[in-house]
Structures are given as structure tokens and as C-alpha cells.
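Remember, it's 1-based here, ligands and their atoms both numbered in the order they're listed.
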Amino acid sequence: MLDYVTDKPDSHRVQDEKRQGEAFAPFANDPNAYRKRFYIESYGCQMNFADSEIVASILNKEGFGATRNVEEADLIFINTCSIREKAEQTVRKRLTEFRKLKEQKKGMLVGVLGCMAERLKSKFLEEEKLVDIVVGPDAYRTLPGLVEEAEGGQKAVNVLLSREETYADIAPVRLDSNGVSAFVSIMRGCNNMCSFCVVPFTRGRERSRDAESIVHECRELFNNGYREVTLLGQNVDSYYYQAPSSPQGEAVTFANLLEIVALISPLLRVRFSTSHPKDITDEVLHTMAKYENICKYIHLPVQSGSTRVLQLMNRTYTREWYMAKVNRIREIIPDCGISSDIIAGFCTEEEQDHKDTLDVMEYSKYDFSYMFFYSERPGTLAQKRYKDDVPENVKKRRLQEIVEVQNRLSLLSNKNDIGKIFKVLIEGDSKRNEKEWKGRNSQNKVIVFPKENYELKKGDFVEVKVDDCTQATLLGKIIGR
Ligand code: SAM
Ligand code: SF4
């Protein structure tokens, strides 16, 4: 049973449910080049996928090569998510499958990384007897040492959270990349304490990464042919970096960072995710409006449309405040795409609160949304303070109603694009037909169009006129370069 729904199956945003469980194999084919092989599988938000690229880099330096084939691995890593109970169940189920492999292959080690490792700590070793290594999101530098310990027959755990670690100096190994778009972590952790959310407990305090290292990474990506970077963080708008070497010097805000990255090249598109509505400033909106290559798209999770529920969620804004923010975005960036995350059936939610959520959706005219029903998480403020009192069947019915509204809004939004011309970045062949390209416009909508006789390749920009659509995809024709 699904506990989340997305109306946009082809998205590659932060919470990309389509990529769940993806395994990677980015290295050279020479099987003798490495002393051991590792297999890594990632779940959860895009931050986890980006972390797996850091883990791959750390392991690679120590002589471990990646494999896509779990059966030939000496080390199996699973980078886990705790955001909802279902996410943890998926990981536990996957671990039972690894048990069989471990029984067949002597010496094979299994490591659990990420949020679930952080949440359960050494309890994991007791609960899941087959696990040898447990590593939290801030302790990946210690992985090689932990692997060595585990090879010596001991169970190895490091779940220390850090106030400083940003892995700024580690060049991520791009895993299973399309070679066109890449994710760049700009900060870690979260200080927001939304009452439903486990992230502040599993990923620790918010810290911003050295601005120079971010710009360096983006520039390298551009030089290597990438044409789009997505700056990643749980709350990117609170990015703030003050170099320790010049404490009197000017600090870099998120608006500054966006501008510096945008200036690398007009041919490099810049995206970001996620924005907390309370933190996105006019300065950020004006910077977006100023640079053509900063994509006109904001993921602005509302969570609920009821002021009373928002207060219980500790989101720090009211429904009116949120709607005013949507107005401001449309005022400064009239063609901006807006998407959302929505939770159905949070504690004490009444029918009227739910109607308020549907109403805010209609008002905001989201292009797409990620929609969930509330899943109580141990240790969160909501779990300690409120009763999870909305019956499951009611949560599901409300989620269904939210999905229906979103489906209608998505189709409407796409229909409004028919006849428009968009600059599209080509990401590769369309999944269904190799005679068609798949790309994205600035608003993050997927566009599929015939290749015809144009000499084009992945990473090229092209002008496409939309002539049809489905709920999830725009369809069009090339009209020029
Ligand atoms: N930091 C981001 C933000 O605040 O928008 C995203 C954090 S989280 C990884 C992604 C989404 O999961 C949240 O926006 C929220 O809608 C959903 N979520 C978090 N905790 C949840 C819970 N306990 N039950 C259901 N959905 C949850
Ligand atoms: Fe969780 Fe709220 Fe932080 Fe997002 S902003 S990660 S929902 S606590």
C-alpha cells in the first residue's frame, strides 16, 4: 500500500519516489582495479541520493569499486529513510532479501546508512541480526575504518551527529547520472522542528556548506558537460555562510549564492529545493527574476491549508500568510511554476481543516504536488504532544480527495501551456520512444517531442512549441534552437 502519491511520475525533484531503491555502478569496468566491491541502494529524499554519491567517493578512494550486481558485492549498503513508517518497512523488507545473499556468500557485510541508522542506532544491530555496520548521515568519513572493524568480526556503529560536517571537500562521484543534471548539497540538517517531522532528529542541526566549494563543484560540473544543477537542502532559503577565515567579511545568503552560481554560465540552469515558505525572501524572488538561467520554479510545501493545523504542525505561518507568499511569487515572477507537499489527516484534523487544504490548493493552482497521509514518527513533537486520532480510512479518503483536486489542477496547468513556446533542456530519449526526446522547461515540467531531423544531443537547449498534453507531460514540436 502506498503512503504517498505524486501526480508527476516523471519528476526528478527532491522527493523522487520513482528512484527509490536505485542502485549505482559508476566506476571503471576493470574488475581487478579494486580490492573489494560495494553495492549501494538509496531510499528517501534527494539528500540521501546525494549522500550516496559522497559515500561512493569515500569508498572509492579506499580502493572499493561499485557494482550494480548485488550478488557480486562484498559490501552491501542501504541508505535509508525514516520520514514515514512505510519507508522504514520497505528497508526492513529489503534487508530480509539481503539475508539470503549473506547466507550464500561468506564474509559479505551489510551496512545501514542514513536516517534509519541514526534513528535506531545500535538497536538496529539487535533488531536486524544480519546488519554489521550502522552509520549516521554525519559519519560517512569513518566508513572505511568501520568496514575494517566489521571485517575483523566486530559490529561497527557510528551515529554521531555533527554541527560542522558538510563534506564540503569531498567531490561526489556522480552515480547513474544522465550527464546533464546534477544535485549539489548546499546545507545539511534542519532547525525547523515541524512537529510531524523526524528530519531534525536524524540529520541534526542546520549548517551551511562553504560557498566557494559549492561554486567550485558547480563550475566543475559545467566544465564536464552538465547543464543543470539543483542546489539541495531541507530549507535552502536559510542558507547562510560566513567564512571562518574572514569573520568580519560579508556573509553569503541564499540569494547571493543563487546569483554566484547563475553567473558561472548562462548555459548552466540553476534550480533549488526545498523552500520553507517562511524563509523565501523578496531578494531571492528578485534574483530569480533577474537571471534567465535561474529556473522559474519553486517547491513551496504548504502541508495543510488550515491555520489551526499549521499551528499544531509548528509551520510558523497562517493560511493567509502562505497565500500572500504565493501572490508575491506571482507578482515578481509571473510565469513561475509552484508545487507543494501536502499531508492529509494530521492530528485533530477536522473536515473543515481538510476543506481549507483543498481550498488553498485551488488558490495556489499547484502545477504538481507530493501528497501523503500522516504517519506518526517516534520522538517527534507531534508524537509526544498530540494523539494520532484521525482514523486511517478517513486519512485515506481525504488523501484521495486531495489527489483528485491536484490531478485536475495539473491537467489544467498543462492545458494552459498549449500553444506556448518553451526553452527545453534535453535530458535524453523519451522512455517510450527512442525517436523522441525528453526534456524539461524552466518551470520543471517534462516535455516530450519528436527528434525529427535535427542534429541534437543530450544537454542541448531547444525551443519547443507545446501542442498537446497529458496530466503529467507536455507534448510538442521543435520550432528552433
Ligand atoms: N524540508 C522539506 C520541507 O519542509 O518542505 C521536506 C522535508 S520531508 C523529507 C518531505 C515531505 O515529507 C514533507 O514536506 C512532508 O510533507 C512529508 N512528511 C514529513 N514527515 C511526515 C510524516 N510524519 N507523515 C507524512 N508525511 C510527512
Ligand atoms: Fe522536516 Fe520541517 Fe525541517 Fe522540512 S522544514 S525537514 S518538514 S522539520
Side-chain angles (χ1 to χ4, degrees), residues 2-6 11 13-17 20 42-51 79-89 114-116 118-119 137 185-207 231-239 272-280 298-305 309-310 312-317 322 325 338-347 349 357 361 366 368-386 388 390 392 395-396 398-399 402 406:
L2 245 52
D3 71 332
Y4 65 83
V5 188
T6 163
S11 168
R13 287 191 324 92
V14 161
Q15 190 81 19
D16 190 344
E17 308 289 359
Q20 301 302 292
S42 306
Y43 293 82
C45 68
Q46 197 56 52
M47 303 289 296
N48 256 6
F49 284 77
D51 277 3
N79 198 348
T80 61
C81 172
S82 285
I83 201 84
R84 287 170 290 277
E85 194 184 351
K86 171 77 184 351
E88 292 201 353
Q89 284 166 356
C115 289
M116 218 173 148
E118 192 60 51
R119 196 177 82 70
S185 280
I186 64 162
M187 59 204 296
R188 299 181 72 80
C190 183
N191 286 353
N192 279 330
M193 301 303 264
C194 301
S195 65
F196 51 80
C197 185
V198 78
V199 168
F201 304 95
T202 59
R203 299 188 75 93
R205 305 286 296 170
E206 178 184 294
R207 66 223 96 119
L231 307 179
L232 277 186
Q234 294 296 352
N235 181 15
V236 286
D237 298 276
S238 68
Y239 177 88
F272 56 89
S273 193
T274 296
S275 292
H276 192 299
K278 78 176 167 57
D279 289 317
I280 188 160
I298 300 176
H299 184 57
L300 195 74
V302 67
Q303 311 298 359
S304 166
V309 173
L310 285 168
L312 295 181
M313 286 177 162
N314 201 21
R315 289 290 286 185
T316 73
Y317 52 83
Y322 181 92
K325 191 54 87 176
I338 304 181
S339 60
S340 193
D341 289 349
I342 300 164
I343 299 178
F346 186 66
C347 313
E349 188 186 79
T357 298
M361 292 176 71
Y366 298 127
F368 48 95
S369 287
Y370 286 83
M371 299 157 279
F372 316 95
F373 64 73
Y374 175 58
S375 162
E376 185 179 79
R377 305 311 295 131
T380 54
L381 294 182
Q383 185 259 327
K384 288 182 194 153
R385 287 186 192 161
Y386 316 124
D388 180 12
V390 179
E392 193 158 316
K395 282 184 186 172
K396 282 187 188 158
R398 288 182 189 164
L399 178 61
I402 288 171
Q406 186 54 58

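The closest approach between Phe373 and ligand 1 falls below 4.0 Å for a heavy atom of the residue. Distances shorter than 4.0 angstrom occur between a heavy atom of Arg315 and an atom of ligand 1. Distances from ligand 1 to the non-hydrogen atoms of Gln303 include at least one value under 4.0 Å. No heavy atom of Arg203 sits closer than 4.0 Å to any atom of ligand 2.
Neither the backbone nor the side chain of Glu206 comes within contact range of ligand 2; no heavy atom lies under 4.0 Å. With a 4.0 Å heavy-atom cut-off, ligand 1 is reached by the backbone of Phe196 and by its side chain too.
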Can you list the steps and then say if Ser82 with Phe201 is a side-chain contact (heavy atoms from CB on, under 4.5 Å)? CA-CA 10 Å; Ser82 285; Phe201 304 95; over 6 Å; no

For Thr274 and Gln234: C-alpha separation, side-chain torsions, deciding distance, then whether side-chain contact (heavy atoms from CB on, under 4.5 Å) applies. CA-CA 6 Å; Thr274 296; Gln234 294 296 352; 5.7 Å; no

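The contact set between ligand 1 and Pro301, taken as ligand atoms under 4.0 Å from a residue heavy atom, comprises 5 (O). Per-residue contacts place Arg377 under 4.0 angstrom from the following atoms of ligand 1 (heavy atoms of the residue considered): 23 (N). Interface of Arg84 with ligand 1, defined as ligand atoms under 4.0 Å from a residue heavy atom, comprises 12 (O), 17 (C), 18 (N), 24 (N), 25 (C), 26 (N), 27 (C). Near Arg315, with a cut-off below 4.0 Å to any heavy atom, the atoms of ligand 2 are 2 (Fe), 7 (S).
Using a 4.5 Å heavy-atom threshold, the side chains of Lys278 and Asn235 count as touching. Tyr239 has its side chain out of reach of Leu231: every pair of non-hydrogen atoms, C-beta onward, lies at least 4.5 Å apart. Side-chain contact between Arg398 and Thr357: absent, with no pair of heavy atoms (C-beta onward) separated by less than 4.5 Å. Between Phe196 and Asn314 there is no side-chain heavy-atom pair separated by less than 4.5 Å.
The backbone N or O of Leu300 sits less than 3.5 Å from a side-chain atom of Tyr322, completing a donor-acceptor pair. Remark: the backbone N or O of Thr80 is paired with a side-chain donor or acceptor of Asn48 at under 3.5 angstrom.
Between Ala50 and Leu232, the shortest heavy-atom distance links the atoms CB-CD1, 4.0 Å.
For the residues Thr380, Asn48, Ile83, the heavy atom positioned nearest atom 9 (C) of ligand 1 is part of Ile83.
The aromatic rings of Tyr370 and Phe368 sit perpendicular, their planes meeting at an angle over 60°, well past the 30° parallel limit.
An N or O contact shorter than 3.5 Å is missing between Ser275 and ligand 1 by distance. Of the N or O atoms in Ser375, one or more lie within a sub-3.5 Å distance of an N or O in ligand 1. Between Gln234 and ligand 1, an N or O atom pair is found at a separation short of 3.5 Å.
The number of protein N, O or S atoms lying under 2.8 Å from atom 3 (Fe) of ligand 2 is 1.
Under the side-chain contact (heavy atoms from CB on, under 4.5 Å) rule, His299 has a single partner from Ser369, Ser275, Ser339, which is Ser339.
Counting only N and O atoms by type, the side chains of Asp51 and Asn79 include no donor and acceptor under 3.5 Å apart. Donor-acceptor pairing under 3.5 Å is recorded for the side chains of Ser238 and Glu206.
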